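Here is the structure we will look at, set down as structure tokens.
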Amino acid sequence: MLTIAAALADCGAAGPRSAAPPPGNAARALTGSPPPLAAVHSQANRLLTGGAPAFRAWLARLRGHPVVVNKWASWCAPCRSEFPFFQRLGVQLGRRVAFLGVDAQDNDADARRFLRRYSVTYPSYSDPDQKVAQVFGATLAFPTTAFYDARGRLAFVHQGAYATEAKLREDVARYAIGG
């Protein structure tokens, strides 16, 4: 009986393989980032607190750079399926685009475990009550991705998971970089 319960408790926990490059490779790829983006990279994989006010302050500091915000949760299978896309694009585009995460309706221990498995080059805000997600209108779907242009204007919100990395890259170019 315990074996069955243990197996069921882990049901759905598997996800895609991590796409994170070795930390040294990521650091080399991001060398020379503008100071506001380097500040984001310096907090890679951290789970930040401070709620909506702290999140808004980050967005204000990043004005002048496009920003992509991904709302996720460790328990969310669609979030796990698209997370490798953010791992790769965070490195490939991280010298031009700021990436931030928002870990919503999750517990911090599970979120930290998730970030150890799927390391990213940017921090995520702990958002148990979705107050941060409300800032960019992302309280309905998991995952949700928001795109801010370099002027700091919310340009687009994509509800649900990205099926392909190419589509996510296209939206980054269209709504964040091109916006």
Side-chain angles (χ1 to χ4, degrees), residues 10-21 26 40-41 43-52 54-56 58-59 62 65-94 97-149 153-177 179:
D10 199 39
C11 184
R17 298 185 75 152
S18 176
V40 169
H41 306 317
Q43 295 195 29
N45 287 322
R46 289 192 187 159
L47 204 54
L48 305 177
T49 59
F55 177 75
R56 283 189 187 100
W58 252 122
L59 288 177
L62 290 168
H65 303 279
V67 179
V68 175
V69 181
N70 177 244
K71 182 185 91 166
W72 59 275
S74 64
W75 50 262
C76 167
C79 301
R80 288 192 303 268
S81 73
E82 75 172 8
F83 220 76
F85 307 157
F86 288 94
Q87 288 180 293
R88 284 188 289 269
L89 292 182
V91 172
Q92 294 168 6
L93 301 176
V97 177
F99 286 82
L100 295 172
V102 174
D103 175 45
Q105 294 184 322
D106 207 349
N107 73 66
D108 289 352
D110 288 344
R112 285 187 181 95
R113 241 185 325 278
F114 181 86
L115 288 171
R116 278 194 297 276
R117 180 172 181 187
Y118 297 103
S119 62
V120 288
T121 58
Y122 53 87
S124 291
Y125 276 89
S126 177
D127 190 26
D129 56 6
Q130 293 208 86
K131 297 291 186 196
V132 176
Q134 285 177 358
V135 171
F136 53 97
T139 58
L140 297 178
F142 278 87
T144 297
T145 305
F147 300 87
Y148 288 85
D149 64 21
R153 183 181 63 89
L154 180 60
F156 181 66
V157 177
H158 179 271
Q159 304 279 342
Y162 277 93
T164 67
E165 186 174 329
K167 180 59 178 151
L168 173 58
R169 181 184 294 273
E170 178 184 307
D171 281 355
V172 170
R174 180 177 183 185
Y175 297 111
I177 296 172

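Keep in mind that this is a model prediction, so the values were computed, not measured.
- Using cut-offs of 30° and 60° for the angle between ring planes, the Phe136 and Tyr148 rings count as perpendicular.
- If you check the side chains of Asp103 and Ser126, you find no donor sitting under 3.5 Å from an acceptor.
- In this structure, the side chains of Leu100 and Leu48 stay at 4.5 Å or more apart for every pair of heavy atoms.
- Under the side-chain hydrogen bond (donor to acceptor under 3.5 Å, both in side chains) criterion, Asn45 pairs with no residue, sequence neighbours left out.
- When all heavy atoms of Ala52 and Val135 are compared, the pair lying nearest together is CB-CG2, 3.8 Å.
- Nearest heavy-atom pair, Asp171 versus Tyr162, reported as atom, atom and distance to 0.1 Å: OD2-OH, 2.6 Å.
- Rounding to the nearest 0.5 angstrom, the gap separating the OG1 atom in Thr164 from the NZ atom in Lys167 is 8.0 Å.
- With a 4.5 Å cut-off on side-chain heavy atoms, Phe142 and Gln105 count as touching.
- Side-chain atoms of Gln159 never come within 3.5 Å of backbone atoms of Ala138 as a donor-acceptor pair (strictly under, hydrogens ignored).
- Proximity of a side-chain donor or acceptor of Glu82 to a complementary backbone N or O of Ala161 within less than 3.5 Å is not detected.
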Take Trp75 and Asp110 through the test side chain to side chain contact (heavy atoms under 4.5 Å, CB included) and record every step on the way to the result. CA-CA 8 Å; Trp75 50 262; Asp110 288 344; over 6 Å; no

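- Tyr118 has its side chain out of reach of Phe86: every pair of non-hydrogen atoms, C-beta onward, lies at least 4.5 Å apart.
- Between Pro78 and Pro143 the shortest heavy-atom distance is CB-CD, 3.7 Å.
- Residues that satisfy the ring-ring contact (aromatic ring centres under 6.0 Å, His included) test with Phe83, not counting sequence neighbours, are Trp72, Phe114.
- A distance of 11.5 Å separates CD1 in Ile177 from CG in Asp149, rounded to the nearest 0.5 Å.
- Gln130 meets the side-chain hydrogen bond (donor to acceptor under 3.5 Å, both in side chains) test with Lys71; sequence neighbours excluded.
- Two residues are said to be in side-chain contact when any heavy atoms from C-beta on lie closer than 4.5 Å; Leu93 and Arg169 meet this criterion.
- Aromatic ring centres of Tyr125 and Phe55 lie closer together than 6.0 Å.
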Going through the checks in order, is the side chain to side chain contact (heavy atoms under 4.5 Å, CB included) test met by Lys131 and Asp127? CA-CA 7 Å; Lys131 297 291 186 196; Asp127 190 26; 4.2 Å; yes

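- Note that CG of Leu168 and CD of Glu165 are 7.0 Å apart. Values are rounded to the nearest 0.5 Å.
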